[in-house]
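Here's the structure, in structure tokens; my notes come after.
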2 protein chains.
Amino acid sequence: MEKLLNTFKVLSDETRIRLLILLYHKRLCVCELCGVLGESQPKVSKHLAKLRDMGFVKDERKEQFIFYYLNMNNSVLITTLQNIICNIDEFPILAKDLKKLETAEEFIKECKAK
Amino acid sequence: MEKLLNTFKVLSDETRIRLLILLYHKRLCVCELCGVLGESQPKVSKHLAKLRDMGFVKDERKEQFIFYYLNMNNSVLITTLQNIICNIDEFPILAKDLKKLETAEEFIKECKAK
DNA sequence: TTTACATATACCCATATACGTATATTAACA
DNA sequence: TGTTAATATACGTATATGGGTATATGTAAA
């Protein structure tokens with residue numbers, strides 16, 4: 001029950017839904033997530049930390065970047081995300097994020113270019 | 001998006017999930033809900049008020065009782081409740097509530113008996 | 001029209017949450 | 001080994017949330 005409640009708590013924040021929808025499609029590093037969302041690094045990192053602590057995402061370092069990806073062990077979460085994606089047109093912010101996701105590699109290149 | 005976030009906020013509270021799962025099965029008055037949940041009347045009423053204000057349930061007076069029932073216009077909510085019910089055995093509290101619901105009429109009879 | 005009962009609300013408190021800013025950490029590289 | 005860059009965390013603050021107790025509201029019955 002605790003996990004169910006936590007799943008919904010996680011989903012009650014716009015930034016976290018945006019992160020989860022992106023991660024549902026692709027494993028991404030923090031700077032890509034910041035770039036796509038247009039949100040500050042501490043804000044994104046803190047939400048990712050919460051998602052990680054609750055066991056909804058996992059992370060893995062690769063060179064200088066830390067990549068996050070969905071932990072698929074939470075069926076309510078996964079089902080819910082799929083449910084949202086099926087109706088993505090009702091949520092323009094999410095649809096816009098996904099469009100921007102197509103250019104996510106740009107952001108990591110930018111990071112490397114600096 | 002606002003409505004989506006509100007849907008998950010509503011679902012992040014144990015008392016409200018219990019109420020919604022009960023109301024998914026049957027239209028119930030406040031004293032029945034208090035009886036089945038074993039929770040105080042102000043607590044139940046306040047959560048019902050929140051659900052009503054957000055448009056997730058509706059109410060209707062019948063004699064001295066006020067009956068609550070699900071507003072079926074929120075597909076994410078309904079789908080999610082169904083999803084929970086499909087896995088009800090993972091959530092013993094909810095399963096217990098449903099068993100107790102079979103005797104809900106007892107509670108309204110008790111009210112009238114006073 | 002007074003009383004009783006079902007339900008709603010107000011008020012207070014404790015706790016949780018989100019955010020921005022500043023700073024710490026860690027790995028890569030010069 | 002010192003510096004840079006990516007990411008994480010600490011701290012302070014403002015706000016939201018849930019619960020209990022007391023009380024208000026409104027309908028029903030006496």
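Reminder, nothing fancy here: chain letters follow the sequence lines and each chain counts from 1.
Ranking D:dA6, D:dA28, D:dT9 by closeness to the B:Q64 side chain, first place goes to D:dA28. Of the candidate nucleotides C:dT9, C:dT7, D:dA8, C:dT7 has the atom lying nearest to any side-chain atom of B:I66. Of the candidate nucleotides C:dT7, C:dA22, C:dA18, C:dA22 has the atom nearest to the side chain of A:P42. Closest to the side chain of A:V30, out of C:dA8, C:dT9, D:dT7, is D:dT7. Candidate nucleotides C:dC19, D:dT9, C:dG20 were compared by shortest atom distance to the side chain of A:S45, and D:dT9 ranks first. If you check D:dT17, C:dT7, D:dT9 against the side chain of B:C29, the one that comes closest is C:dT7.
In this structure, B:F65 places its CZ atom 11 Å from P of D:dA28, rounding to the nearest Å. The separation between A:L48 atom CG and D:dA8 atom P is 7 Å, rounded to whole Å. C:dT7 atom P lies 9 Å from atom CD of B:E32, rounded to whole Å. When the P atom of C:dA16 is taken as reference, atom CZ of A:F8 falls 21 Å away, rounded to whole Å. Rounded to whole Å, atom P of C:dT7 lies 16 Å from atom CD of B:E39. The NZ-C1' distance, from A:K43 to D:dT9, rounds to 17 Å in whole Å. Here D:dT17 presents its P atom at 12 Å from CG of B:D53, a figure rounded to the nearest Å. The distance from atom CD of A:E63 to atom C1' of D:dT7 is 15 Å, rounded to the nearest whole Å.
Between the side chain of A:Q41 and the base of D:dA8, at least one donor-acceptor pair of N or O atoms lies under 3.5 Å.
The side chain of A:Y68 contributes no N or O atom lying less than 4.0 Å from OP1 or OP2 of D:dA6. Residue B:R16 has a polar side-chain atom (N or O) positioned under 4.0 Å from OP1 or OP2 of D:dG18. Note on A:H47: a side-chain N or O is less than 4.0 Å away from OP1 or OP2 of C:dC19.
Legend: residues meeting side chain to side chain donor-acceptor pair (under 3.5 Å) with B:Q82, ordered by chain and number and at least two apart, are B:Y24. The side chain to side chain contact (heavy atoms under 4.5 Å, CB included) search around B:N73 returns B:K3, B:N71, not counting sequence neighbours.
Residue order along DNA chain C, read from the 5' end via each residue's closest nucleotide, puts A:T15 first among A:T15 and A:R61.
Residues A:E14 and A:R18 have side chains in contact (heavy-atom distance under 4.5 Å, counting atoms from C-beta outward).
Considering A:Q41, A:H47, A:K43 as possible partners of A:S45, the one that fulfils the side-chain hydrogen bond (donor to acceptor under 3.5 Å, both in side chains) test is A:Q41.
Between the side chains of B:N87 and A:S75, no donor-acceptor pair of N or O atoms lies under 3.5 Å.
Among the atoms of the strands shown, none is found under 4.0 Å from any heavy atom of B:K62. Contact annotation for B:K46: base contact, defined as any heavy-atom pair under 4.0 Å involving a base atom.
Ionic pairing of B:R27 and B:E60 is present here: one or more N-O contacts between side-chain nitrogen and carboxylate oxygen are shorter than 4.0 angstrom.
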